[in-house]
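Remember, it's 1-based here, ligands and their atoms both numbered in the order they're listed. Quick caveat, the model's predicted, so the values are computed rather than measured.
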Amino acid sequence: MKIIQVHSKLNIYLILFVILLVIVLPPSTAKISCSKVSSALKKEKSVEYNDLKKCLESFPFNATLATETVDAVLHFLSSYYVFFDRAKEEPPSGFTYQPVDLKNELNSIRKKQFNSDYDFSGFNYDQGLHLYSVVKTDKNKKKKQVFDDIVDSSNNDCEVIKIGGKSALQAIIDFANGTIQYSKDLNVRFNMALAPSQPIIQRHIFQQFNLREDFPETSSIKYQLTCPKKGSVSLERKWIITHEDGFGGFSLNCLEQDNKPTFSLNENFASSDKATKLTSRDKITNSTLNNDPKIAHAQMIDDGSLYLLNDGSKTGVVIISVERVKDENHLKNDFQKLKKHGAKKIILDMSNNPGGDITFSIFLTSILFSSKQPNSFPTDIIINDFTIPKIEKNFKKNSTDPEDYDVYNPKFFLSFPFGKPFNSSGDFIGTRKNRTSNLYLNTLTLDENKLLKNVSFPWTNDDIIIITNGFCASACALITLYLSEIHKVKTIAVGGLFEDQMSFSTYPSGEVSSSNDIADYAGDNITNIPGINSLSLTVREAYSFDENKNVKDVLEYSYKPADCRLYYDEKNVRDPSLLWLEASKILNNEVKC
Ligand SMILES: *[C@@H]1O[C@H](CO)[C@@H](O)[C@H](O)[C@H]1NC(C)=O
Ligand SMILES: *[C@@H]1O[C@H](CO)[C@@H](O)[C@H](O)[C@H]1NC(C)=O
Ligand SMILES: *[C@@H]1O[C@H](CO)[C@@H](O)[C@H](O)[C@H]1NC(C)=O
Ligand SMILES: *[C@@H]1O[C@H](CO)[C@@H](O)[C@H](O)[C@H]1NC(C)=O
Ligand SMILES: *[C@@H]1O[C@H](CO)[C@@H](O)[C@H](O)[C@H]1NC(C)=O
Ligand SMILES: *[C@@H]1O[C@H](CO)[C@@H](O)[C@H](O)[C@H]1NC(C)=O
Ligand SMILES: *[C@@H]1O[C@H](CO)[C@@H](O)[C@H](O)[C@H]1NC(C)=O
Ligand SMILES: *[C@@H]1O[C@H](CO)[C@@H](O)[C@H](O)[C@H]1NC(C)=O
């Protein structure tokens, strides 16, 4: 099952379907292969690549399902996706991606000939090693290294010279450029191809080069290394193939039923909350470079998310790795503890943050800069003939119960720029043809407002710095961009490609919703994408604004590089406190960036 992300326009048709052009095999061969797969899974062994390939390819192509899927995807994208038109345009300078005419691409899928239909995933393909990238200061050249090779630890700290016959760096760049989605900035995608240096919530977003979820093109990858002790080494790694659900589960039923896919897949995979979901791959692979990072240069104050640097600068570090409303009280406590410890400066480490609740963003900004709300960017949504009656109905219902949240409910928004409640559905709809007027989200609850009441912190914007590895996504992007643009908080991006500017955030889009929620909100007759596929898309588009509160650029399409840049080396890739020390020097004006 695929979760379709439409934030990124890259290779949209590749991620819509995992339907490949393959040779149809005689059923008997396929059946044998499928039973081998099934038997390997039962024995908790890695599945043989060729067995899985034959088995997957034997699933017959369902043309009806394909047509219905393309119809539904096109319907949702053209009716609700705020970047539908923008996606066709060339990228602004700083971004690297291919423009996509979604309508044409989807229609071209209709004309393609497919022979098989392996429309489910759930398998993990693991090379059993960690790749990371460092910038060598001596030669000022970047190289990539194998680190913590979980199959053969004698490969730790070897430099990777070639991958599959290509220069290692180029191989990773090409993979990041052609295969990885999520960010429009190639530097961020480059980081995402490699092992994360800190524990993370959503593992499958990182380590994408050698820990995959899509069926790899080849059964193995060849590496050429130069090792500190062993010298030149060549090795070939087969994929270790395991199943997302550990071993067994639905896949056995699926594979054993005479090659007929039943598609009764784990539903929660499609509908679960992206921000909080932990994939079960954690159980079967060790995908983090540093599951238990050494923090040698800071003292932990609280449960792994709060530190004080021990460089004498009285700098506190708050690690924010997800945005959840239930963590707001904890966040407030963190700031209060730092105040108590006499912290003069604050580093917000927001690396590897997949986003979460949008109100958390408003809350964080409000607690640090208790300036007048709404502390958020203006947005708008697409409207059409059938959503207008829905907006009018919601307005009359006059409910602000969070249970009734709906993008077409004017009660959950305030007008831009004055932040006033809408007095009529007409004000909300505005005068434009297919977009609403500009809206602020207005969802801080009573509880959140209560938490904000009794706080006062000594820090100004000059005392705060944000550090990320570029993967600070969605709600995280909205916070960091807001703090940077509106409150002039400095930002640092870590990693990426040498000598490029780099984004500190990714897909600020506005608000992402699933097709079934959208259908429900809009009262759409097409209620979802058929079969096991799922589709999420951006339904609200966020904008930057100027001092006079005029709406400026679409944030998703604005390249916003960090003020400062740091690179990974052999040490700080294992100990983030070394990066915090650098950030502290910048904060305390000891170094310019
Ligand atoms: C093909 O897909 C359609 C639509 O989802 C479904 O009704 C039908 O049962 C499928 N056919 C087979 C052979 O699986
Ligand atoms: C990324 O891919 C696009 C499309 O294939 C290509 O035009 C571009 O040159 C590539 N960029 C880099 C830096 O490799
Ligand atoms: C993952 O790491 C843990 C602890 O470092 C180890 O016990 C376990 O065997 C590893 N798992 C795999 C699949 O390598
Ligand atoms: C909506 O409800 C609030 C109280 O919940 C009330 O004060 C307000 O007048 C109502 N507005 C309309 C338009 O009915
Ligand atoms: C709604 O009416 C109030 C009272 O007249 C006014 O202050 C406010 O600006 C109006 N809201 C909008 C969005 O115009
Ligand atoms: C919205 O309106 C603009 C201008 O009237 C038009 O160019 C655009 O195609 C419309 N978009 C949609 C999704 O209907
Ligand atoms: C407000 O904060 C002060 C100290 O920071 C505390 O003594 C007081 O109880 C707080 N009041 C409320 C209502 O939380
Ligand atoms: C749903 O179907 C009804 C009856 O065919 C039609 O009147 C209505 O416009 C449709 N609504 C949407 C949102 O397509």
Side-chain angles (χ1 to χ4, degrees), residues 1 8-14 17 19 24 27 58-73 87 90-91 93-100 105 114-120 142 166-181 183-193 209 254 257-265 374 378 380 391 395 398 409-431 436-442 496-502 526-534 549 559:
M1 170 158 33
S8 161
K9 307 173 305 188
L10 296 153
N11 288 329
I12 186 78
Y13 70 91
L14 281 183
F17 305 95
I19 301 172
V24 186
S58 68
F59 285 68
F61 177 63
N62 185 337
T64 314
L65 179 61
T67 302
E68 285 176 358
T69 304
V70 171
D71 287 347
V73 170
E90 289 298 319
S93 143
F95 283 145
T96 306
Y97 60 80
Q98 276 182 287
V100 173
E105 289 295 335
F114 297 100
N115 289 329
S116 97
D117 188 12
Y118 50 93
D119 206 347
F120 65 91
K142 176 169 295 198
K166 250 190 221 177
S167 116
L169 182 60
Q170 198 56 49
I172 300 296
I173 293 174
D174 289 350
F175 182 82
N177 190 26
T179 308
I180 296 181
Q181 27 153 355
S183 178
K184 294 182 166 62
D185 184 335
L186 183 58
N187 287 286
V188 181
R189 303 208 296 281
F190 179 81
N191 278 350
M192 294 168 76
F209 182 78
C254 191
Q257 281 187 1
D258 212 16
N259 303 334
K260 283 211 189 73
T262 57
F263 295 137
S264 57
L265 301 196
D380 65 25
I391 291 166
F395 184 80
N398 192 23
N409 189 341
K411 299 292 176 182
F412 287 93
F413 298 92
L414 298 172
S415 69
F416 176 84
F418 300 111
K420 298 284 187 218
F422 290 102
N423 296 313
S424 71
S425 49
D427 287 349
F428 177 87
I429 291 162
T431 53
T436 59
S437 62
N438 289 120
L439 321 164
Y440 282 124
L441 187 68
N442 177 32
L497 294 159
F498 188 45
E499 275 183 343
D500 267 330
Q501 280 198 303
M502 177 174 159
I526 299 180
T527 54
N528 211 342
I529 305 296
I532 56 159
N533 294 304
S534 76
K549 299 236 170 169
Y559 179 53

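- A heavy-atom cutoff of 4.0 Å around ligand 5 is satisfied by the protein residues S415, K420, P421, N423.
- Note: no N/O pair closer than 3.5 Å links Q170 and ligand 2 by distance alone.
- Under the side chain to side chain contact (heavy atoms under 4.5 Å, CB included) criterion, S93 pairs with no residue, sequence neighbours left out.
- The backbone N or O of Q501 lies less than 3.5 Å from a partner atom in the side chain of N187, making a donor-acceptor pair.
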Residues F428, F395; criterion side-chain contact (heavy atoms from CB on, under 4.5 Å); working and verdict: CA-CA 10 Å; F428 177 87; F395 184 80; over 6 Å; no
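- The main-chain N or O of I429 is never found under 3.5 Å from a side-chain atom of T436 such that the two would form a donor-acceptor pair.
- Between atom CG of residue L65 and atom CD1 of residue I529 there is a gap of 10.5 Å, rounded to the nearest 0.5 Å.
- Listed by number with element, the atoms of ligand 2 under 4.0 Å from a non-hydrogen atom of L186 are 13 (C).
- Listed by number with element, the atoms of ligand 2 under 4.0 Å from a non-hydrogen atom of Q98 are 4 (C).
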Give every donor-acceptor pair under 3.5 Å between a side-chain atom in residues 417-424 and any protein atom, sequence neighbours left out.
{"unit_1": "S424", "atom_1": "OG", "unit_2": "G426", "atom_2": "N", "d": "3.4"}
{"unit_1": "S424", "atom_1": "OG", "unit_2": "D427", "atom_2": "N", "d": "3.1"}
{"unit_1": "S424", "atom_1": "OG", "unit_2": "D427", "atom_2": "OD1", "d": "3.4"}

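- Residues L414 and P374 share a closest heavy-atom pair of CD1-CG, 4.4 Å.
- Checked against side chain to side chain contact (heavy atoms under 4.5 Å, CB included), N528 has the following partners two or more places apart in sequence or in another chain: S515, N516.
- Annotation: T64 places no N or O atom under 3.5 Å from an N or O atom of ligand 1; distance criterion only.
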